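Convention: sequence-line order gives letters A, B, ...; per-chain numbering from 1. Just so it is clear, the structure is predicted and the values come from calculations on it, not from any experiment.
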There are 2 protein chains.
Amino acid sequence: MADKNQELRDKGLRLTPQRQLVLEAVRSLGHATPEEVAEKVRATHPGINLSTVYRNLETLENVGLVQHTHLGHGGATYHAAEELTHLHLVCSKCGSVGDAPIETAAPFVNTLIDEYGFKTDVTHFAIYGTCANCTEKS
Amino acid sequence: MADKNQELRDKGLRLTPQRQLVLEAVRSLGHATPEEVAEKVRATHPGINLSTVYRNLETLENVGLVQHTHLGHGGATYHAAEELTHLHLVCSKCGSVGDAPIETAAPFVNTLIDEYGFKTDVTHFAIYGTCANCTEKS
DNA sequence: TTTTTTCTGCAAGTAATTTGCAACTCGCAA
DNA sequence: TTGCGAGTTGCAAATTACTTGCAGAAAAAA
Ligand SMILES: [Mn+2]
Ligand SMILES: [Mn+2]
Ligand SMILES: [Zn+2]
Ligand SMILES: [Zn+2]
């Protein structure tokens, strides 16, 4: 358990139960909005304030343990940083979120570097469109 | 001018000065937030309410005359539908918004169709990353 | 321990967008 | 032309998502 504590300490952060719970929640949820993180945390620790969740998500993002992405028109969702190894394919019709390996985007990313010197972060925004299922139905 | 009126009528919309002004503002501004659209409209017609602008942007989007995209972490920006002919390369460091032809993404889009049956709308979300300028400086 | 510093809960505050509603006006029909 | 009805507007209030100020609590340093 010293290891787990160390993880946050090494980043120069104070080890509070709230912070650990937020990090655990993000890790166990996959993608989650701040509200969902709060809900998860409160399942075991009801007292924790929503602003504490927001503040910790920001702090954890600053030290690189979590990251946010935009899957839809609204607010951000959070991931564990290690977990960002795929593209998000978001369907505008049904709202489903599919995954694809980041390598799928590699040629595109390379083209943008070569032609514009632009280094793309392909996971920050979702890939938006219509899924196979919804295309079929229409 | 009958033509211009017809354009909205053909979509089944009523022709109000507010609606025409919103559409013109979107067309002349390129990318614009609802607030910016309102500001533009008010330059000549001060009385127009912000909620009218929001409602008309939605209506115009429903009939396909305008579209929204997400360039940053926050709210949406609106374009004329005809004008969506480029990718947006948004720099996370300096906030600059560069353009690239949509064809740049064609191979990537095709890959997603072939492998996942997913039809990508590459303009809905910006391409996010670091521009050449900011990469140099660091 | 005691002290220092960071973090938390709570309440209040913003910013962006939406909604309810009564008054208006556009387009059609008489 | 005028009159009607559905669609539209302005305004105020509501909602949503997030942020901030602050005083007390709790980590970590001393
Ligand atoms: Mn959107
Ligand atoms: Mn973002
Ligand atoms: Zn779908
Ligand atoms: Zn830049």
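For A/E36, the side chain to side chain contact (heavy atoms under 4.5 Å, CB included) partners at least two apart in sequence or on another chain are A/A32, A/T33. Under the rule for a side chain to side chain contact (heavy atoms under 4.5 Å, CB included), the partners of B/A126 that lie at least two apart in sequence or sit in another chain are A/F125, B/L71, B/H88, B/V90. Take B/S28 and apply the side chain to side chain contact (heavy atoms under 4.5 Å, CB included) test, not counting sequence neighbours, and it matches B/K40. Residues satisfying the side chain to side chain contact (heavy atoms under 4.5 Å, CB included) criterion with A/P101, sequence neighbours excluded, are A/E103, A/T104, B/Y116. Annotation: ring-ring contact (aromatic ring centres under 6.0 Å, His included) contacts of B/H45 (sequence neighbours excluded): none.
Here the CG-CG distance, from A/L13 to A/L60, works out to 6.5 Å after rounding to the nearest 0.5 Å. Considering CG of A/L65 and CG of A/D10, their distance stands at 10.0 Å, rounded to 0.5 Å.
Here chain B contacts DNA chain C (any atom closer than 4.0 Å to a heavy atom, that is under 4.0 Å), and the contacts span C/dA16 to C/dG27 from 5' to 3'.
Near DNA chain D, meaning a heavy atom under 4.0 Å from it, residues 29-45 of chain A has no residue at all. The stretch residues 51-68 of chain B comes close to DNA chain C through B/S51, B/Y54, B/R55, each having a heavy atom under 4.0 Å from the strand.
B/V97 and A/L112 fall into different hydrophobic clusters, where Ile, Leu, Val, Met, Phe, Trp and Tyr residues are linked whenever their side-chain heavy atoms come under 4.5 Å apart, directly or through other members.
The list of salt bridge (charged side-chain N to carboxylate O under 4.0 Å, His left out) pairs with a residue in residues 121-134 of chain A, not counting sequence neighbours, is empty. The stretch residues 70-90 of chain B participates, sequence neighbours left out, in these salt bridge (charged side-chain N to carboxylate O under 4.0 Å, His left out) pairs: B/R27-B/E82.
The only member of A/T59, A/V53, A/V66 that meets side-chain contact (heavy atoms from CB on, under 4.5 Å) when paired with A/V22 is A/V53. Tested against A/V109, the residues A/I102, A/T120, A/D114 include a single side-chain contact (heavy atoms from CB on, under 4.5 Å) partner, A/T120.
Aromatic ring centres of B/H124 and B/H68 lie closer together than 6.0 Å.
With hydrogens and angles left out, the side-chain atoms of B/Y128 and B/H70 include no donor and acceptor closer than 3.5 Å.
Per the geometry, CG belonging to A/N49 stands 14 Å off P belonging to D/dT19, to the nearest Å. We find that CD1 of A/I48 is positioned 14 Å from C1' of D/dA26, with the value rounded to whole Å. Look at CD on B/Q20: it is 15 Å from C1' on D/dT9, rounded to the nearest Å. Rounded to a whole Å, the NE2 atom of A/H73 is 17 Å from the C1' atom of D/dA17.
The 5' end of DNA chain C is approached more closely, in terms of each residue's nearest nucleotide, by B/G75 than by the other of B/G75 and B/Q18.
Residue A/G74 is classed as having no contact, given no heavy-atom separation below 4.0 Å to the nucleic acid. No contact: A/L50 has no heavy atom under 4.0 Å from any strand.
Comparing the end axes of the helix from C/dT1-D/dA30 to C/dA30-D/dT1, each fitted to five base pairs by superposing C1' atoms of four pairs onto the next four, gives an inter-axis angle of 30° (nearest 10 degrees).
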Provide a list of protein-nucleic acid N or O atom pairs under 3.5 angstrom, restricted to nucleotides 28-30 of chain D.
residue: D/dA28; atom: OP1; partner: A/R9; partner atom: NE; Å: 2.7
residue: D/dA28; atom: OP1; partner: A/L15; partner atom: N; Å: 2.9
residue: D/dA28; atom: OP2; partner: A/R9; partner atom: NH2; Å: 3.0

